[in-house]
Every structure is written in C-alpha cells, then in structure tokens.
Amino acid sequence: MVTSRSVAALPQVEDRIAEAARRAGREPSEVRLVAVTKGHPLDVVEDAIAAGIQDLAENRVEALLHRVERYADASVRWHMVGHLQRRKAPQVRGQVHLLHSLDSLKLARRLERTAGEDEPLLSVLAQVNTSGEESKGGFEPEALVESVGEILECTSLRLHGLMTMAPLTDDEALLRATFGRLRALRDQLDRELPDYDGPELSMGMSNDYEIAIEEGSTMVRLGTALFGERNG
Ligand SMILES: *Cc1c(COP(=O)(O)O)cnc(C)c1O
C-alpha cells in the first residue's frame, strides 16, 4: 500500500508499538493505536483513514462533532480525549466511540441526568491525575475507589477503564511511576469493586508511548509521532 506523506511514519510507529509490547511479554494486538488528529487539516484525517487507521481522536467537541459527521460513512471510531465542559456534555452522546476524559463526578452526573431513555450507553474512561500536577485534570488517586463507585451507579454510562496523562518529561523513572500507578489503581478497583469491569488503560502519547506500553497500556493516543507538529 502506498502511504501518503502525512502518515509516512505509521509503519515505524506500528513497529515500535509491537516491539514495546513484546519487550513486556505482551501481544502487539493488546495495544490499540488511537490517532489524534487535532490541529491537523482534513486531508490528514483522510490520509489516516486511507492508511487503515480505525481509531481517531479529537480534544474539542466542535471539531469532533464536525469530523464525526463528515466521515460518518467511513468505518472509523471517534474518540474524545480532551476536557469536556459540562454544558457541552450532552452533545457527545451517540457520537463518540469512547470518552477518555471523564474527569469529575459533576461531569458524570451531568451526563447521567441528560441521557434520554432509549439512548445507547456512553462508553467512558475515568481520567486520573496520577502525576499530581496541578495543571492536570482528573480524579485524585486517593479517592478513586469511592469516585468510581459513584460512576458505576450512573446507569447511562459504561466504564471501560482508566486514562492518564504523564508529565512532559524525559525522566523515564517518573514516567514509569506515573503509568505504573494507573495500572495499580485499575488492579485495585478490580479487587475492591465487584461491579468494576474496566480493563482498559489509555496511557502513552508521542513522547512516552513505548514506556506506557511496557507498563501495561492498552491504548496509546498519538498525534505528533504520526503526523508531525500541529499548526493549531
Ligand atoms: C494532543 C493529545 C494527545 C496527543 O499528543 P501528542 O503528543 O501529539 O502525541 C494525546 N492525548 C491527549 C489528551 C491530547 O490532548
């Protein structure tokens, strides 16, 4: 297959994902590549789809909904990875394959309250602030069991696992600790909450995805590594 210039890095990225998985004794198929197209024009989206990428992501509701509609005929799944303002929350229902950024109980309750009766469940990941940085959103690890217990009571949501964002650093030990913590939290939820059924770990971006995979990531969210620098 001829790969367009905007996705020329795809084969190499796929190799690196597979190698990182094998280093950790995992199957490459256990890691899903989610291509983050935010800040890139539509021809990049089209090149990605033509290259066979099936999972695409945006971090703003407006761009997301626009692209969901525009590529409704393509068999791709759209993910929402950015902070979702509460007043815009209802708009993603029925539109996204997975909301990675459920980051507060207020947002969960808002999604629950605005769900129509016959609407399909909204698939979500709970975003956790495992790095402790103030700039990062998400649930606090210390209260996660309790918070997830409340999310599980929202019958219009289907919780598939956890998501985190690591600090922007080359400090490998710090990155491993951040990702390892998310994995440990998932395992704790598994042990302590009988209703918890959320194996997914969305972790790893262009700067750190190989380490994230070695630490158990099941979904890496890649923009720059695939498409180069963004304009927007
Ligand atoms: C932009 C973004 C990404 C992709 O970032 P890159 O460093 O370009 O790979 C991943 N996750 C979230 C939440 C983002 O906002």
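Fair warning: this is a prediction, and the values are worked out from it, not measured in the lab. Each ligand, and each atom within it, is numbered from 1 in the order the structure gives. Throughout, numbering of the chain's residues begins at 1 and tracks the sequence. Only this structure's heavy atoms are used, side chains among them; waters, hydrogens and symmetry mates stay out.
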Write out the residue and atom name of the closest protein heavy atom to [atom], then the distance separating them to 0.1 Å.
{"atom": "atom 15 (O) of ligand 1", "result": "Lys38 NZ, 2.7 Å"}
{"atom": "atom 5 (O) of ligand 1", "result": "Met205 CE, 3.5 Å"}
{"atom": "atom 13 (C) of ligand 1", "result": "Val81 O, 3.3 Å"}
{"atom": "atom 11 (N) of ligand 1", "result": "Arg221 NE, 2.9 Å"}

Exercise. Would Thr218 and Glu200 satisfy side-chain hydrogen bond (donor to acceptor under 3.5 Å, both in side chains), going step by step from the backbone distance to the final call?
Worked result: CA-CA 6 Å; Thr218 66; Glu200 302 292 346; 2.6 Å; yes
Exercise. Is His100 near ligand 1, meaning one of its heavy atoms is under 4.0 Å from it?
Worked result: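 Checking ligand 1 against His100, which is what was asked, there is no heavy-atom contact under 4.0 Å.
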Establish, from distance only, whether the side-chain atoms of [X] and [Y] form a donor-acceptor pair under 3.5 Å.
{"X": "Lys88", "Y": "Gln91", "result": "no"}
{"X": "Ser156", "Y": "Arg93", "result": "yes"}
{"X": "Asp103", "Y": "His83", "result": "yes"}

Exercise. Which ligand 1 atoms does Thr224 reach within 4.0 Å, using its non-hydrogen atoms?
Worked result: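 The atoms of ligand 1 under 4.0 Å from a heavy atom of Thr224 are 6 (P), 7 (O), 8 (O), 9 (O).
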Exercise. Counting each atom of ligand 1 from 1 as listed, which ones have a heavy atom of Leu222 under 4.0 Å away?
Worked result: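 Ligand 1 atoms under the 4.0 Å threshold to Leu222: 9 (O).
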For this session: Test Ser131 against Thr178 for side-chain hydrogen bond (donor to acceptor under 3.5 Å, both in side chains), laying out the working first.
Result: CA-CA 6 Å; Ser131 70; Thr178 305; 5.9 Å; no
For this session: Flag the pair Arg77 / Arg32 as yes when at least one side-chain heavy-atom distance between them is below 4.5 Å, and no otherwise.
Result: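 Sidechains of Arg32 and Arg77: in contact.
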Problem set entry | Min N/O separation Gly223 to ligand 1 under 3.5 Å |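 There is such a contact, yes.
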Exercise. Can an N or O of Ser206 be found at a distance shorter than 3.5 Å from an N or O of ligand 1?
Worked result: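 Yes, since at least one N or O of Ser206 sits under 3.5 Å from an N or O of ligand 1.
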For this session: Can you spot which of His79, His100, His160, Gln127 makes a side-chain hydrogen bond (donor to acceptor under 3.5 Å, both in side chains) with Ser202?
Result: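 With Ser202 as partner, side-chain hydrogen bond (donor to acceptor under 3.5 Å, both in side chains) holds for just one option, His100.
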